[in-house]
Amino acid sequence: MNPTVRSGNGQPKIGVYVCHCGTNIAGTVDVEAVRSYAEGLPGVTVARAYKYMCSDPGQELIKEDIRANGLERVVVASCSPSLHEATFRRAVAEGGLNPYFFQMVNIREQDSWVHTDTAEATRKAEDLVRAAVHRVRFHKALERQRVPVNPAVMVVGGGIAGIHAALTMANAGKHVYLVEREPSIGGHMAQFDKTFPTLDCAACILTPKMTEVRSNPNITLWTMAEVDRVDGYVGSYTVTVRHKPRFIVEDACVGCLECIEACVYKVGKTPDVFNLGMSMRKPVYIPFPQAVPPLVVIDQDACIEFKSGRCKKTCVEACADRNAIDFTQTETFDTVEVGAVILATGFKTFDPARTPAYGYGVYPNVYTSMELERLVNSSGPTEGHVTLRDGRTPETVGIVHCVGSRDVNTNEYCSRVCCMYSLKLAHLVKEKTGAEIYNFYIDIRAAGKGMEEFYNRVAGEGVHFIRGKVADVYPEGGNTGRVVLQAEDTLLGRVRKIPVDMVVLATGLEPQADAEDVRRTFNITCAGGGFFMERHPKLAPVSTFTDGIFLAGACQGPKDIPDTVAQAGAAAAEALVLVDHGYVEMEPNTAYVVAEECSGCKTCIPLCPYTAISRVDGKAQINPVLCKGCGTCVAACPSGSIRQNLFEDEEIYEEILGVLAHA
Amino acid sequence: MPEPTAMPQESAADGWEPKIVAFFCNWCTYLAADLAGTSRMKYAPNARVIRVMCSGRVDPQFVMEAFANGADGVLVGGCHFGDCHYQSGNHKALRRFRLLQRVLVGMGIEEERIRLEWISAAEADKLRDVMNDMVAGLKVLGPLHLEVPAEGLPDERREGLPEVAELQEVTA
């Protein structure tokens with residue numbers, strides 16, 4: 001276990017360190033066999049195995065061998081480089097070597113965790129270690145380039161996540177561009193009445209934060225705006241934002257709403273999106289009373305002036321000398337430089353038309369939970385009265401849980417919030433109407449602070465719970481307007497058929513319809529369900545694989561308001577760490593031209609996606625600031641005169657030879 | 001340096017296992033392989049992964065070199081179209097791949113031995129399936145008996161082939 005250090009026989013002295021990672025690696029790979037195999041490889045002067053290489057004593061082994069034994073190259077066989085490459089490079093540097101005289105071997109994620117046969121896994125580890133030993137001999141000393149970070153930050157999405165992240169950074173003195181595509185910030189939370197489990201009023205806690213966004217001088221708020229294009233890299237993103245026309249001059253409108261009153265439409269004829277179509281709005285409207293910015297919008301598709309050009313324009317008359325209405329507005333674009341971006345683009349609710357058995361859209365008294373949120377809300381279409389589409393007040397209500405969640409036919413995952421909001425809605429409806437309420441559930445998931453207590457409270461209020469998935473919704477005989485919910489009560493072991501006046505579908509949370517486009521624009525990854533993928537599920541939950549792009553809220557996965565706000569704060573803190581640091585160090589994996597060998601054939605120039613290559617004096621020249629290190633030009637160069645730091649041809653050839661050289 | 005490549009005459013029935021060299025891009029397929037690990041999926045242990053920043057970095061000569069040194073199969077993994085971390089490196093990889101595959105077939109290397117797959121960072125299950133499928137396919141094909149040894153064509157085989165200078169004239 002404690003080998004003597006041998007000489008390098010004229011080659012660089014290589015140290016190999018094989019990590020047990022507790023039993024994570026050692027449980028499948030014979031670590032001692034790999035160590036003793038590595039010891040026999042040419043150039044290896046020391047090979048050690050250690051329980052946890054990433055621990056301080058593990059790193060100290062490397063440093064001590066560099067100092068005392070004159071190591072010139074280091075190979076660590078442990079986990080994925082995405083986890084600890086930086087750790088070991090730092091250890092190598094602290095030992096006194098250039099940090100790039102290091103190569104990492106992934107024998108955990110790509111070996112011990114995915115194979116079961118010890119002999120096979122050990123052999124694979126030996127092959128990979130040998131490849132790294134071959135490769136590391138050719139490593140060169142490299143310097144990291146420092147790039148300044150623009151201190152401004154962009155937040156995309158103005159729901160509670162984006163609002164909280166924007167305010168946190170603005171209060172830290174950073175300039176924030178908050179981009180929201182709707183006419184007002186507030187997101188889904190603005191539509192809610194009360195919030196579980198404390199039952200505090202959503203508007204009461206959200207509205208002050210919304211107005212704070214508007215009054216904070218460090219925030220540039222852009223509503224009706226979407227990110228069109230993103231260029232650049234961490235610390236220096238160039239973001240192009242498209243502004244959709246509001247047909248209102250934002251600086252001139254005072255939010256008096258007289259134009260709405262004066263509109264030639266005496267009543268609204270367009271379904272109001274904010275109330276999920278349960279009320280109508282005029283062509284000129286304000287999204288909701290507390291909207292921020294408190295400005296009206298003109299709906300181009302509904303306004304007569306846009307259709308015929310012959311409207312009396314009573315709205316313009318009412319606006320008078322404020323002159324805030326401008327029918328000629330068109331799309332405009334703004335381009336801003338930011339150092340980091342926080343994506344807080346939220347979620348959409350599941351469309352219950354995809355589960356036709358529940359009768360949504362067929363029976364008028366089948367509602368979604370979001371519709372019920374608006375019905376119980378005093379600023380909603382019924383001013384807070386729970387009134388059915390046929391005008392009656394429900395006496396019995398059935399809440400169907402897990403619609404679009406925990407179902408292999410729709411979404412496999414649990415949407416996390418539905419159980420608790422169903423309890424909240426049950427409580428509110430019972431309070432307002434005294435109706436009998438039946439919850440049809442699979443499991444009640446009441447994890448989190450105060451949640452189980454809330455469940456007990458609602459159960460204590462006499463709300464009924466039936467453990468069973470609703471199989472069918474069908475109309476009751478006669479002309480009662482009621483429907484029957486049929487489910488197997490799995491606790492009683494028999495089928496129950498319960499007639500109800502109102503059905504509420506507890507729809508789950510899904511990624512936004514255009515999450516895929518947003519993902520591509522920002523060059524990040526989506527996880528299985530389509531939500532944005534975090535860099536590490538536990539240790540980097542708000543970072544992405546693209547440096548400088550952070551995630552907050554339900555765009556990363558379903559979560560409730562407390563978790564969303566916590567995550568938004570975390571994303572803001574991570575972004576602050578980046579921009580406050582002032583500079584980032586770039587991975588030195590750029591391509592370069594060996595000018596003497598370049599024939600000036602120009603093959604490489606059109607291949608570069610960043611136009612980093614130009615032809616100067618008949619030779620290719622690569623701008624290292626623009627080069628991102630993909631290596632496409634390197635692979636294409638017919639004369640082999642383009643090289644890539646960290647991925648030199650000979651380094652890769654040595655790896656190929658190395659993995660295949662097993663006797 | 002590698003030992004000279006012996007001509008293996010084994011088959012799957014003798015417990016012969018195919019050797020695969022895999023080139024995975026840093027942003028999608030390598031991460032998918034990491035995710036397969038953190039998800040504790042199990043797959044055949046035959047592939048040895050070499051990480052490159054982009055599938056566009058995979059020089060056709062890497063693939064040739066792998067076959068010449070005893071690989072029975074080569075797998076190249078990159079991001080789906082539209083997902084490339086470098087915008088379009090995967091398109092360039094595909095362009096080279098198609099040509100390379102034809103050249104390899106001309107050399108007697110079955111086209112199933114070289115595979116290009118788009119595997120996103122979230123598609124650990126696809127990675128597992130591709131690995132297993134490729135190993136199964138190679139077991140049917142058996143070991144690669146490359147007629148060209150690693151050190152290049154012996155002189156007598158060059159008879160009848162045009163000289164390098166002539167070739168350059170033709171392609172000029």
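Note that this is a predicted model, so its numbers are computed, not measured. Lettering follows sequence order; numbering is per chain, from 1.
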Find the one option among A:Lys628, A:Arg520, A:Glu120 whose heavy-atom pairs under 4.5 Å with chain B are most numerous.
A:Arg520

Considering all heavy atoms of both residues, which atom of A:Ile656 and which atom of B:Ala66 are nearest to each other, and what is their separation?
CG2-CA, 3.6 Å

When heavy-atom pairs shorter than 4.5 Å are enumerated against chain B, which of A:Leu646, A:Val634, A:Thr525 gives the highest number?
A:Val634

Between atom OG of A:Ser80 and atom CZ of B:Arg51, what is the distance when rounded to the nearest 0.5 Å?
7.5 Å

Is it the case that more than 12 heavy atoms not belonging to B:Arg102 sit under 6.0 Å from its CZ atom?
no

Closer than 3.5 angstrom, by distance alone: can the side chain of A:His115 be matched with the main-chain N or O of B:Lys42 as a donor-acceptor pair?
no

Evaluate the side-chain proximity of A:Asn106 to B:Val49: yes if any heavy-atom separation is below 4.5 Å, no if none is.
no

For B:Asn69 and A:Leu660, which heavy atoms make the closest approach, and how far apart are they?
O-CB, 3.5 Å

For atom CZ of A:Arg144, is the number of surrounding heavy atoms from other residues, nucleotides or ligands below 6.0 Å larger than 12?
yes

Structural part of B:Lys92 lying under 4.5 Å from a heavy atom of chain A:
side chain

Residue A:Arg519 versus chain B: region with a heavy atom under 4.5 Å
side chain

Take atom CD of A:Glu412 as the centre, draw a 6.0 Å sphere, and report whether it contains more than 12 heavy atoms from other residues, nucleotides or ligands.
no

Looking only at heavy atoms and a cut-off of under 4.5 Å, which of A:Ile652, A:Thr116, A:Thr546 has the most pairs with chain B?
A:Ile652

Does any non-hydrogen side-chain atom of A:Asn523 lie less than 4.5 Å from one of B:Gln87?
no

For the residue pair B:Met53 and A:Cys630, what are the closest heavy atoms and their distance?
CB-O, 4.1 Å

Count the heavy-atom pairs under 4.5 Å between each of B:Asp83, B:Val58, B:Val21, B:Asp125 and chain A, then report the option with the highest count.
B:Asp83

Is it the backbone or the side chain of A:Cys526 that comes under 4.5 Å from a heavy atom of chain B, or both, or neither?
backbone

With a 4.5 angstrom heavy-atom cut-off, is it the side chain or the backbone of B:Ala44 that approaches chain A, or both, or neither?
backbone

Check whether B:Glu65 reaches the backbone of A:Leu657 with its side chain - one donor and one acceptor, N or O, closer than 3.5 Å.
no

Indicate the atoms forming the closest heavy-atom contact of B:Val52 with A:Phe647, along with that distance.
CA-CE2, 3.9 Å

When the 4.5 angstrom heavy-atom criterion is applied to B:Cys84 and chain A, the contacting part is backbone

Which atoms form the tightest heavy-atom contact between B:Tyr86 and A:Pro609, and what is the distance?
O-CG, 3.4 Å

Chain B shares the most heavy-atom pairs under 4.5 Å, among A:Gln644, A:Arg135, A:Glu109, with A:Glu109

Within-4.5 Å side-chain heavy-atom neighbours: A:Asp117 and B:Pro45:
no

Side-chain touch B:Arg96/A:Thr632, heavy atoms, less than 4.5 angstrom
yes

Whatever's closer than 4.5 Å to a heavy atom in chain A on B:Ala93 counts as neither

Who among B:Ala71, B:Gly89, B:Ser88 has the most heavy-atom pairs with chain A under 4.5 Å?
B:Ala71

A:Leu83 portion near chain B, given a 4.5 angstrom heavy-atom threshold
neither

Measure distances from B:Gln61 to the heavy atoms of chain A and classify the residue's part below 4.5 Å as side chain, backbone, both or neither.
both

Selection from A:Pro81, A:Cys608, A:Cys633 maximising heavy-atom pairs under 4.5 Å formed with chain B:
A:Pro81

Can you tell me how far the SG atom of A:Cys79 sits from the CG atom of B:Asp34, to the nearest 0.5 Å?
9.0 Å

Residues A:Glu648 and B:Arg57: closest non-hydrogen pair is C-NH2, 3.9 Å

Side chain, backbone, both or neither: which part of A:Asp649 has a non-hydrogen atom closer than 4.5 Å to chain B?
both

Tell me, side chain or backbone of B:Tyr30 under 4.5 Å from chain A's heavy atoms, or both, or neither?
both

Checked B:Met41, B:Arg128, B:Arg40, B:Met131 vs chain A; the most non-hydrogen pairs under 4.5 Å come from B:Arg40

For each of A:Gln110, A:Met533, A:Glu655, tally heavy-atom pairs with chain B at distances under 4.5 Å, and name the one with the top tally.
A:Gln110

So what's closer than 4.5 Å to chain A heavy atoms on B:Thr38: side chain, backbone, both or neither?
both

In plain terms, say whether B:Glu17 and A:Arg123 are close enough for a salt bridge, that is, a side-chain N and a carboxylate O under 4.0 Å apart.
no

Side chain to side chain donor-acceptor pair (under 3.5 Å) filter on A:Asp231, not counting sequence neighbours, yields A:Arg229

Examine whether an atom of A:Ala636 lies under 4.5 Å from a heavy atom of chain B, and if so say whether it belongs to the side chain, the backbone or both; otherwise answer neither.
both

Sort A:Phe545 into side chain, backbone, both or neither according to what part of it lies under 4.5 angstrom from a heavy atom of chain B.
both

What's the separation between atom CD1 in B:Ile50 and atom OH in A:Tyr653, rounded to the nearest 0.5 Å?
11.5 Å

